[in-house]
Amino acid sequence: GEDVEQSLFLSVREGDSSVINCTYTDSSSTYLYWYKQEPGAGLQLLTYIFSNMDMKQDQRLTVLLNKKDKHLSLRIADTQTGDSAIYFCAERLTGTASKLTFGTGTRLQVTL
Amino acid sequence: NAGVTQTPKFQVLKTGQSMTLQCAQDMNHEYMSWYRQDPGMGLRLIHYSVGAGITDQGEVPNGYNVSRSTTEDFPLRLLSAAPSQTSVYFCASRANRAGTDTQYFGPGTRLTVL
């Protein structure tokens with residue numbers, strides 16, 4: 001079955017880059033997602049990447065995928081205090097419609 | 001569009017009580033899902049639906065029932081609440097369209113079972 005793992009906590013200074021890492025176990029064709037959750041709120045989709053891609057960039061966000069190591073990372077450039085949140089990595093197997101498998105989430109703390 | 005709405009926002013139940021968590025979406029999405037979020041465990045899929053009249057079990061379905069009589073609504077029923085069901089519950093929906101992979105989440109229902 002699928003298993004998605006993340007480190008629990010990351011602290012960075014405002015203006016620095018943040019890199020949040022995720023590993024997954026299923027090697028089948030899959031979509032990989034990054035969600036952001038602010039306190040007391042639902043999940044907001046930031047970006048996603050299909051497993052036949054190596055990289056995707058969207059403004060301050062860069063997603064890197066290492067298929068060999070089953071490792072996914074989210075880089076946030078010029079991290080701001082508004083980026084403080086919990087970031088979830090999630091995986092969906094092709095053809096499984098609504099079934100996302102989530103990691104435990106990484107709490108990003110941005111300090112001044 | 002209101003997106004995905006959930007009611008109530010907060011609920012406290014006693015062990016053995018039953019209740020229904022409501023979820024509605026106005027985006028005409030075919031796919032809807034229920035997740036629970038527990039500390040240190042991420043989100044886990046409870047039940048999901050790929051269209052009206054069709055539901056299926058997720059990773060942690062025990063103690064919960066769902067139905068999907070309309071495209072818009074996907075209620076989650078707790079049959080006999082237990083303290084282990086204390087959690088935050090999220091409903092999500094997604095369109096069944098090629099090239100669309102955005103799953104929209106509701107704001108969540110925080111449930112405490114005493």
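Below, read A as the first sequence line, B as the second, and so on, with proteins coming before strands; counting in each chain starts at 1. Keep in mind it's a predicted model, so treat the numbers as computed, not measured.
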To the closest 0.5 Å, what do you measure between CG (B/D38) and OG1 (A/T104)? 12.5 Å
With rounding to the nearest 0.5 Å, note down the distance linking CD in B/E59 to CG in A/L100.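 The CD atom of B/E59 sits 11.5 Å away from the CG atom of A/L100.
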Please flag which part of B/E30 lies under 4.5 Å from any non-hydrogen atom of chain A: side chain, backbone, both or neither.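 For B/E30, neither part sits under 4.5 Å from chain A.
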State, with a plain yes or no, whether a side-chain heavy atom of B/Q103 is found less than 4.5 Å away from one of A/L45. no
Any B/Y104 side-chain heavy atom under 4.5 Å of A/Q44 side chain: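 No - every pair of side-chain heavy atoms lies 4.5 Å or more apart.
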Report yes or no: do [X] and [Y] belong to one cluster of Ile/Leu/Val/Met/Phe/Trp/Tyr joined by side chain heavy-atom distances under 4.5 Å?
X     : Y     : value
A/M53 : A/I20 : yes
A/F50 : A/L46 : yes
A/V12 : A/L64 : no
B/I54 : B/Y48 : yes

Between A/Q37 and chain B, with a heavy-atom cut-off of 4.5 Å, which part of the residue counts as in contact: side chain, backbone, both or neither? side chain
Near B/R44 CZ, under 6.0 Å, is it more than 12 heavy atoms from other residues, nucleotides or ligands?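 Correct, the count exceeds 12.
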Are there residues of residues 9-17 of chain B that reach to under 4.5 Å of chain A by heavy atoms, and which ones?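 Checking residues 9-17 of chain B against chain A gives no residue, so none.
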Shortest non-hydrogen separation from A/L43 to B/F105 and the atoms involved: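 So the minimum-distance heavy-atom pair works out to O-CB, 3.5 Å.
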